[in-house]
Amino acid sequence: MKANDIILAKIQSLNHNGEGVFKTKDITIFVPRGVPGDTLKVKVKKLRKNYGSGEIIAIVKPSPLRVNPECKAFENGCGGCQWLHIDYKTQLLWKARIVNKILGVALNENIKVLPCLGMKEPYHYRNKLSLNREDSKNSKKLGLMKENSLEIVEFDYCKQELESNQKAYEIIRKQRIPFSITQIHVRSNQKGETGIYFYAPTNTKTISNFSKELLQKIKDLKGVGLSTHNDYYHLVGEKVIKEDIGDLNYLIPINGFFQTNYTQAQQLQEIVFDLLKPTKKDKILDLYCGAGFFSLFLAKEVESVYGIENNSSSIESAIRNAKINNITNANFVCADVKEEIVSFRKKSIDCIILDPPRVGSEIEVLDEIVKMKPKKIIYISCSPQSLARDLKSLSHLYKITFCKPVDMFPHTYHIEVVVKLELNASDSHKKMEVKKAEVKKTPIIIKKNFDLKKVKNIKPKENKKIILKKSKNKEKT
Ligand SMILES: C[S@@+](CC[C@H](N)C(=O)[O-])C[C@H]1O[C@@H](n2cnc3c(N)ncnc32)[C@H](O)[C@@H]1O
């Protein structure tokens with residue numbers, strides 16, 4: 001087989017990049033948009049020693065698992081979804097299989113992976129729409145990126161986005177968008193209220209004026225911000241949008257992380273709660289806590305929760321979220337987890353919640369967890385690969401007692417997994433092994449009536465810690 005050959009490929013499985021897999025005795029070919037059961041005419045593109053990639057030239061016999069994607073943008077190569085053409089039950093089946101395979105290979109054992117928890121109505125779930133602009137002199141299209149390409153696909157209607165994101169997009173694309181804006185991120189709550197932030201190299205008057213124009217043109221737009229390479233500027237309106245999940249009210253910072261699928265986010269909280277079985281004696285450490293999504297849900301059932309997060313807008317929201325929900329036993333620190341976790345060594349933490357970004361947790365954090373030896377760790381991951389790597393680092397002390405994918409991103413190959421780890425009984429009394437010297441930085445301590453404005457401009461890069469203590473003042477929302 002050589003590049004440009006046309007082959008007949010019968011797709012057998014799906015890989016972690018969402019591609020169809022065709023395997024012979026000698027070679028494996030990955031075929032984007034191939035579906036298990038398809039017979040395809042494939043043009044071989046890149047070829048290495050024993051694997052390569054191919055492009056579908058024709059569908060000779062479609063798999064019975066294929067469905068009509070009913071999306072023009074998907075037909076045009078939009079990278080927003082990869083599996084819109086695969087039956088939803090099959091997507092869920094493969095998500096669990098892929099997790100099983102990745103963990104099995106990394107840990108060298110067969111991990112029991114429970115079925116992936118899907119959505120009843122797997123459409124219009126995405127609360128965040130991330131739009132890119134084409135970087136070309138002749139065109140400044142605004143839309144989603146093509147898979148593995150910098151090309152932009154504009155779309156008329158997206159079946160995944162909340163309707164209010166779609167409406168905002170329709171209005172924004174008709175405007176004269178300042179040239180320097182390269183990305184526009186739109187987030188809505190379930191009531192249809194929206195927040196927007198731009199990416200641009202610098203803050204300019206033109207961008208500020210544009211934000212005011214949008215505020216007038218988009219009916220339920222609540223606020224606009226701007227992220228530059230190093231800073232975040234709040235431009236106009238509110239800094240947050242509000243969302244209720246279960247019994248809790250959350251203020252979601254326009255520029256901070258929040259779970260992208262509100263329906264499944266609630267499921268995620270409940271799974272974590274059931275796994276923890278929290279008691280009033282428990283002290284919980286929520287690493288990478290965002291706006292307090294897990295911490296606040298657990299707070300009322302435990303002695304105390306501590307959240308660490310390096311995005312100051314998110315921490316600002318977490319503190320306010322505690323107040324508006326009358327939670328007094330949640331403490332939040334704005335810091336890099338790697339630096340701050342050492343200060344929890346002597347706090348007798350019972351359980352750690354670990355929900356890092358896609359790259360996973362840093363080895364220093366995992367080392368520290370091993371020294372702290374909490375009885376339970378709940379790891380929530382949006383990347384099975386980094387999850388597998390991190391689990392390996394913990395596997396000498398912890399055993400996996402639960403592993404379940406939760407479908408936060410239907411019709412994409414992205415997989416969210418919840419894993420419970422329990423400390424091996426025989427290891428709970430072993431001495432901690434300190435591998436690295438602790439470096440403690442002087443924190444800025446803002447007590448009681450802290451000034452939220454001060455918090456806003458402190459960047460994680462400055463390596464300063466802001467310890468926000470509980471304030472007795474009631475927050476107005
Ligand atoms: C996957 S999100 C989880 C947020 C939160 N647990 C939730 O459910 O909303 C990861 C979070 O980690 C934060 N983060 C990334 N790197 C960090 C670091 N080195 N130290 C502290 N927080 C970090 C991000 O800002 C983001 O809010």
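Just so you know, ligand 1 is whichever comes first in the structure, and atom 1 is the first atom listed for that ligand.
- Under 4.0 angstrom from ligand 1, there are no non-hydrogen atoms of Lys338.
- Here the side chains of Lys420 and Ile400 are not in contact, with every heavy-atom distance at 4.5 Å or above.
- Assignment of Gln259 to the shell around ligand 1 is supported, since a heavy atom sits closer than 4.0 Å.
- For the ligand labelled ligand 1, residue Arg358 lies outside the 4.0 Å heavy-atom shell.
- Closest to atom 3 (C) of ligand 1, if we only count protein heavy atoms, is Asp355 OD2, 3.2 Å.
- Atom 18 (C) of ligand 1 has Asn310 ND2, 3.2 Å as its closest protein atom, hydrogens excluded (heavy atom only).
- Contact record, Pro410 with Tyr125: O-OH, 2.6 Å, taken as the closest heavy-atom pair.
- The aromatic rings of His85 and Phe74 sit tilted relative to each other, their planes meeting at an angle between 30° and 60°.
- Atom CD of Glu109 sits in a crowded spot, with more than 12 heavy atoms from other residues, nucleotides or ligands closer than 6.0 Å.
- In Lys283, the NZ atom is crowded: over 12 heavy atoms of neighbouring residues, nucleotides or ligands sit closer than 6.0 Å.
- Taking every heavy atom of Phe293 and a limit of under 4.0 angstrom, the matching atoms of ligand 1 come to 7 (C), 8 (O), 9 (O).
- The protein heavy-atom contact nearest to atom 12 (O) of ligand 1 is Tyr288 CB, 3.3 Å.
- Asn249 and Asp244 are linked by a side-chain donor-acceptor pair at a separation below 3.5 angstrom, with hydrogens and angles left out of the test.
- When the shell of 6.0 Å around NZ of Lys347 is examined, it contains more than 12 heavy atoms from other residues, nucleotides or ligands.
- Of all atoms in ligand 1, numbered sequentially from 1 with element shown, those under 4.0 Å from a heavy atom of Glu362 are 19 (N).
- Residue Ser314 places every heavy atom at 4.0 Å or more from ligand 1.
- Side-chain N or O atoms of Asp282 include none that pairs as donor or acceptor with a backbone N or O of Cys351 at under 3.5 Å.
- Near Phe257, the atoms of ligand 1 lying under 4.0 angstrom from a non-hydrogen atom of the residue are 1 (C), 2 (S), 3 (C), 4 (C), 7 (C), 9 (O), 26 (C), 27 (O).
- The aromatic rings of His185 and Tyr197 lie parallel to each other, their planes meeting at an angle below 30°, with 60° marking the opposite boundary.
- Ligand 1 lies less than 4.0 angstrom from a heavy atom belonging to Ala335.
- Considering Ser381, Pro356, Cys382 only, the shortest heavy-atom separation from atom 1 (C) of ligand 1 involves Pro356.
- Residue contacts with ligand 1, taken as heavy atom pairs separated by less than 4.0 Å, involve Cys289 solely via the backbone atoms N, CA, C and O.
- In terms of protein heavy-atom proximity, atom 15 (C) of ligand 1 is closest to Pro357 CG, 3.5 Å.
- Nearest protein heavy-atom neighbour of atom 20 (N) of ligand 1: Val337 N, 3.0 Å.
- Shown here is Lys399, whose NZ atom has more than 12 heavy atoms of other residues, nucleotides or ligands within 6.0 Å.
- Scanning the protein heavy atoms around atom 19 (N) of ligand 1, the nearest turns out to be Asp336 OD1, 3.2 Å.
- The Phe294 neighbourhood of ligand 1 comprises atoms 6 (N), 8 (O), with distances under 4.0 Å to a heavy atom of that residue.
- The nearest heavy-atom contact from the protein to atom 11 (C) of ligand 1 is Glu309 OE1, 3.5 Å.
- The closest side-chain heavy-atom distance from Leu387 to Leu103 is below 4.5 Å.
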